[in-house]
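Report on one structure; see the data block that follows.
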Amino acid sequence: MIEKTDKCNIKQMFKSPGAEYRQIAPYTATGIDNAEYDFSGEEISPSRIGWRPPTYFELEQLKDLGFGAIVTQVSPVDSYLNDEKEWEKLKECIKKAKEYGLYALIYDEQGFPSGDAGGFVLKEDPRYEALGLYYLGTVVKKGQPACLNLPDNKVVYLKALPLNNEKQVNLNEAVNVDAKQLSQMVWEAPDERSWLLMALYEAPLFEGTFAGSGWIKEARRYINILDEKAVEAFLRITYDKYYEQLGESFGDCIKGFFTDEVSLMVYREAKPPYVAIPWRYDMPEKFRGKYGYDLVSCLPALYVDAGPVSRKVRCNYYNLVSELCEKAYFKQVSDWCENHGIFLTGHLLMEERLVWHTVMEGDAMKALRHFRIPGMDVLSSRPLNITKPNEHFLNEAPLVGAKTAVSVSHHANRKRTFCETSHFQEMFRDIPVSYEEIRGTYNWQLAMGINLFASLYPANALTHEKWKVLNDYVARISMMLSQGVHVADIAVFYPIASVWANYVPSERRSEGEGMDNAVRYAPWLAEKYVPEVKHIDNAFVELTSHLVQNQRDFDYIHEDVLKEAQTENGIIFAGQEKYKVLILPPMDTISPDAWNAVKSYMESGGTVIGVGKIPIYTTEGDELKAEVTYHVPSLDELTKLLDRILEPDIKVAECEASELLYCHRSLEGLEVYFLANNSFERKSWKIGFSAEGQPQLWNPHNGDITCVEVIQSEKGRSWLEITLDSFDGCLVVFDK
C-alpha cells in the first residue's frame, strides 16, 4: 500500500528537513590513543570513558551545524548512576537540548557492551555472569595413558569416545570416565582404536573476550544475555533509574534508548585452545523441554564431527540459543521502552558475517526485529571497499550488516534504519580520509536503505562549513528515503541454519607478528577452519556484493518472515514488500517449515533460483531432494538469468557500472530514486528508470529542484543522462 503524499509538503521538508531526519551529534571521547576535541576546541582526555553530556555552548553549536539530536547519559565516571549532582547536570542538558530544538537518545551503559550496568548487575548477583561451555580433549591410543588438567569448575560432560577414521566420534559407544581427582585425571584406552578423551565444563566468559579486552574501557565482567533475570536486573538498575530521574521527558525530548554491541561473549576466547559455546546453567533442561531429547549425551557433536546427528544437534542448539537470546535481552529491553513511550535503537556486535551472527547472538535478524529502529555500525570510511569484500580485512562485508538491519526494518514496516558511522579503522592507522570519502560512506549506506545516522567522526574531522553542508546533504536524502515504501523485486534467503549445521568452535591461533586479520580476529575464516562454513559465509557476502554492483536491489528474508508471507501469482508479500524472485544462496541445510514455504511459493507460480549448492539436508538431519525453478552454478550465470526473466528497475546503457549504487522508494504520485557514484572519478551514465512522468533532479546539496529532459522513452521506462562527481549522490524524482 502506497501512502498518500502531500507533494508540496514533501518539497518543503526536502528544502528544510526536520530534526528527526538529521544526524545525531558526535561528541564522544572514545578512550582510544588519540584525543578528540569537542566543538568548543577543548581537548578531551583519552582516558575518559564513554559518552558525556555536551556543554550548553556545544548544544547551541550542534544545532547551528545541522545536527538534530544528541546521544547522552549521566556521567559514566565517578559514581555512575548514583551521583545526584550528575543527574542534575543531565536534566539541565536535556532541558537545553529541547530549547535548541534537539532531541535526545539515552546511551544505556558505562561504556559498551551494554548490559552490565557499570558492573552493578554482577555485584547484585554474581550468578548472572556470562557462561560458556569449554572443551578440553586429547586423542588417546592403547598403552598411552592421557591426563587432562581440569580446572575447578562444574564438569558437564566427561567421557571417552572412539574415533572412526581418526576424525569422527561415535556417540553411542561413549565410555564414562571416573575422575576421582579432576585436576590430575589419567585414563587409558580400552582397545586398539583411537579414542577422544573429552571434558566439557562450565566457566565464566571473560578472559580474552570482547568484555575482557579492555580495548575501549576498563575490562569488566559481563552478564549472560541468555538469562532473563540478569537482563531484568540491568533494566531495573539502569532503565528504571533513568525513568525515575527523567521520566517527564520520556516521549518528549527523550525519544529512545541506545543499546550497544550486546553479544554472547564467546568471541576471541583465548583459553583453553578452543573457544567456548554460549551456555546457561539450565541449558540441558531448556533443550529437553523444546526438543524432547537429552542434550548432554549429544554435546560432543557441537565441538567435533559426530556423524549425521551433528547437523540436527547443532541446528537445534543454536536455534535455542537464538530464541533465548532474543527473548531474554532484546524483547525484554524493547518491551520496556515501548511500555514507557520511547523506542529502542542501537546495534549488535560484528554484523558483517553470517558466522558472526551465529557466534554473537545466534541469529541477528531475530535479535534486530525487536528494535523499533534496527541498527548497525560502520567502522571505515573507505567506500570503495564495500563492493570489494576481502576476508583479510576485519570490516570486509559491511553490505551484509546494512542489508540485515534494513531488511528487518522493511519486513516489520519500520520507516527508519540506523547506523553509527565513523572512520575508526583509518583513525587507528593514521590514514587521512577526505570529505568526499566521508560523503561516499554515507552514500553507500543510504543506497542500502540506512536513513538515520549517528556520526562518530570527531568534531575536528571537518570544518564547521563542511559539517553544515554534509548534515544538510544527509538529512535531505534521509528524509526522502524515509517516505513511502521500498521497491525491490528480489528476496535473498537468510541461510543462518546452514551455518549452524556446520559450525564448530574454531581452534585458536596466536596473534603473532605478521598475522592477517582473518586469523587474528576471525579464525573461523582461516583455511584450517570448517570449509563448509567458510564457503557458505563467503558466498553470501559475494552474492550480496554482486547484486549491488549489478543494480539489482533486494532484501534478505528470514525463514520466519517467509513462512508468514502471503504468496499469490508469483509474488511474495512481506510487510509492504513485493518480491518477484526468491534467491537461495549457496547453502546445504534448511528447516522443514522453511522448505515447505519455498515449495508453497513455487506452487503459487513463484520463481526460486538456487545459486551453487542448494539444500540437501533439513535441520532435523534428514536428507532433502530440493528442486528449484532455476539452478545456476555461478554469479555470472545468475546475472544472465535475471536479465532474461526479470526486468530490472534501472538499466545502465553501454558501460560498466559497478560503481553506481541506487535505492528506489515509491510514494503516491512520486517515484524516488537515490543514485550515488561510488568512485573517485566523475561519472556519467545513461540510465533507464522503470518510471514515467516528469523527471526532476532534487539536489541534496542545496534543496533545489529542477526538471530533467527525457532523452528516450519506451513503454514503462524513461532514459536520462546522469552525471555525478566523485562520491556524490542525487535524487531523481518522477512526478506522476
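This chain uses plain numbering: 1 for the first residue, then up along the sequence. Predicted, not measured: the structure shown is a model, and the values here were computed from it.
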Look up atom CG in L452 and atom CG in L105, then write down how far apart they are to the nearest 0.5 Å.
7.5 Å
Inspect the surroundings of CD in E714 and state if more than 12 heavy atoms from other residues, nucleotides or ligands are less than 6.0 Å away.
yes
Between S498 and T589 (side chain of the first, backbone of the second, donor and acceptor by atom type, cut-off under 3.5 Å), is there such a pair?
yes
Electrostatic pair K578:D489 at N-O distance under 4.0 angstrom
no
If every non-hydrogen atom of V652 is compared with every non-hydrogen atom of C655, which pair is closest and at what distance?
CG1-SG, 3.7 Å
Take atom NZ of K327 as the centre, draw a 6.0 Å sphere, and report whether it contains more than 12 heavy atoms from other residues, nucleotides or ligands.
no
Under a 3.5 Å cutoff, is there a donor and acceptor pairing between the side chains of S658 and E656?
yes
Side chain of S690, backbone of I650: donor and acceptor closer than 3.5 Å?
no
Is there a side-chain hydrogen bond (donor to acceptor under 3.5 Å, both in side chains) between H410 and Q576 once you walk through the steps?
CA-CA 7 Å; H410 290 164; Q576 293 183 320; over 6 Å; no
Over all heavy atoms of both residues, which pair between P398 and I386 is shortest? Give the atoms and the distance, please.
CG-CG2, 3.7 Å
Judged by modelled atom types alone, do E437 and S381 share a side-chain donor-acceptor pair under 3.5 Å?
no
S455 side-chain N/O to Q23 backbone N/O, donor-acceptor pair under 3.5 Å
no
Residues K651 and Q551: side-chain donor-acceptor under 3.5 angstrom:
no
Among side-chain atoms of H701 and D472, is any donor-acceptor pair under 3.5 angstrom?
no
Using the ring of each side chain (for Trp, its six-membered ring), is W336 parallel, tilted or perpendicular to F257, with breaks at 30° and 60°?
perpendicular
Looking only at atom types and distance, does a side-chain atom of H357 sit under 3.5 Å from a main-chain N or O of E351, one as donor and one as acceptor?
yes
Is it true that the side chains of E338 and S334 contain a donor and an acceptor less than 3.5 Å apart?
no
For A447 and L661, work out which heavy atoms get closest and say how close.
CB-CB, 3.7 Å
Are there more than 12 heavy atoms of other residues, nucleotides or ligands under 6.0 Å from atom NZ of K15?
yes
Taking S114 for its side chain and D260 for its backbone only, find out whether a donor-acceptor pair lies under 3.5 Å.
yes
Note: W685 and A657 closest approach over all heavy atoms is NE1-CB, 4.0 Å
Would a distance-only check, ignoring hydrogens and angles, find a side-chain to backbone donor-acceptor pair under 3.5 Å from R665 to Q483?
yes
From H423 atom NE2 to S380 atom OG, the distance as rounded to the nearest 0.5 Å:
10.0 Å
Going by an N to O cut-off under 4.0 Å, is there a salt bridge joining K563 and E559?
yes
As a quick check of understanding, evaluate side chain to side chain contact (heavy atoms under 4.5 Å, CB included) for I571 and T567, giving each step before the final call.
CA-CA 5 Å; I571 306 293; T567 58; over 6 Å; no
Evaluate the ring planes of H347 and F258, with Trp represented by its six-membered ring, and classify them as parallel (under 30°), tilted (30 to 60°) or perpendicular (over 60°).
perpendicular
Return yes if a side-chain donor-acceptor contact under 3.5 Å exists between T639 and H546, otherwise no.
yes
Does L379 form a side chain to side chain contact (heavy atoms under 4.5 Å, CB included) with T421? I'd like the steps, not just the answer.
CA-CA 7 Å; L379 304 180; T421 301; over 6 Å; no
State the CG-CG distance between D363 and N319, to the nearest 0.5 angstrom.
8.0 Å
Could you check whether T259 and Y329, counting side-chain N and O atoms only, form a donor-acceptor pair closer than 3.5 Å?
yes
Donor-acceptor side-chain pairing of E326 and H370 below 3.5 angstrom
yes
Closest non-hydrogen atoms of L731 and P700, given as atom of the first, atom of the second and distance, are N-CD, 4.5 Å
Salt-bridged, K640 to E637, with N to O below 4.0 Å?
yes
Tell me whether the rings of Y673 and F689 are parallel (<30°), tilted (30 to 60°) or perpendicular (>60°).
perpendicular
Say whether, by atom type as modelled, one donor and one acceptor occur between the side chain of N677 and the main chain of L724 under 3.5 angstrom.
yes
Output the distance between atom CD (E542) and atom OG (S634), rounded to the nearest 0.5 Å.
11.5 Å
With sequence neighbours left out, the residues meeting salt bridge (charged side-chain N to carboxylate O under 4.0 Å, His left out) with K683 are E659, E681
Residue pair A626 / P615: nearest heavy atoms and the distance that separates them:
CB-O, 3.4 Å
Evaluate side chain to side chain contact (heavy atoms under 4.5 Å, CB included) for L547 paired with L642, printing each intermediate quantity in order.
CA-CA 10 Å; L547 291 171; L642 289 174; 4.1 Å; yes
When you measure from the side chain of E692 to the backbone N and O of G716, does any donor-acceptor pair fall under 3.5 Å?
yes
Run the salt-bridge test on K366 and E361 with the 4.0 Å N-O cut-off and return the result as yes or no.
no
So, N451 side chain and T417 main chain: donor-acceptor pair closer than 3.5 Å or not?
yes
Identify, with sequence neighbours excluded, every residue that meets salt bridge (charged side-chain N to carboxylate O under 4.0 Å, His left out) alongside D643.
R552
Evaluate the ring planes of Y442 and F453, with Trp represented by its six-membered ring, and classify them as parallel (under 30°), tilted (30 to 60°) or perpendicular (over 60°).
perpendicular
Assess whether a salt bridge exists between E20 and K255, defined as any Lys/Arg side-chain N lying under 4.0 Å from an Asp/Glu carboxylate O.
no
D553 and K403 ion-paired at < 4.0 Å:
yes
Please report the C-alpha distance between Y579 and D555 in whole Å, then the side-chain angles of each, then the deciding distance to 0.1 Å, and finally whether the side-chain hydrogen bond (donor to acceptor under 3.5 Å, both in side chains) criterion is met.
CA-CA 9 Å; Y579 306 114; D555 284 319; 2.6 Å; yes
Please enumerate all residues that pass salt bridge (charged side-chain N to carboxylate O under 4.0 Å, His left out) together with K331, with sequence neighbours excluded.
D335
Between Y556 and F540, how do the two ring planes meet: parallel, tilted or perpendicular, split at 30° and 60°?
tilted
Output, in order, the C-alpha distance, side-chain angles, deciding distance and verdict of side chain to side chain contact (heavy atoms under 4.5 Å, CB included) for I557 and H411.
CA-CA 8 Å; I557 190 165; H411 297 145; 4.1 Å; yes
CD1 of I450 to CE of M448, rounded to nearest 0.5 Å, is 9.5 Å
Establish, from distance only, whether the side-chain atoms of N443 and Y473 form a donor-acceptor pair under 3.5 Å.
yes
Any side-chain donor paired with an acceptor under 3.5 Å for S726 and R682?
no
To the nearest 0.5 Å, what is the distance between CG on L582 and CG on L562?
6.0 Å
Got a donor-acceptor contact below 3.5 angstrom from the R476 side chain to the F14 backbone?
yes
Relative to the ring of F680, is the ring of F727 parallel (under 30°), tilted (30 to 60°) or perpendicular (over 60°)?
perpendicular
Side chains of E577 and H486: any donor to acceptor distance under 3.5 Å?
yes
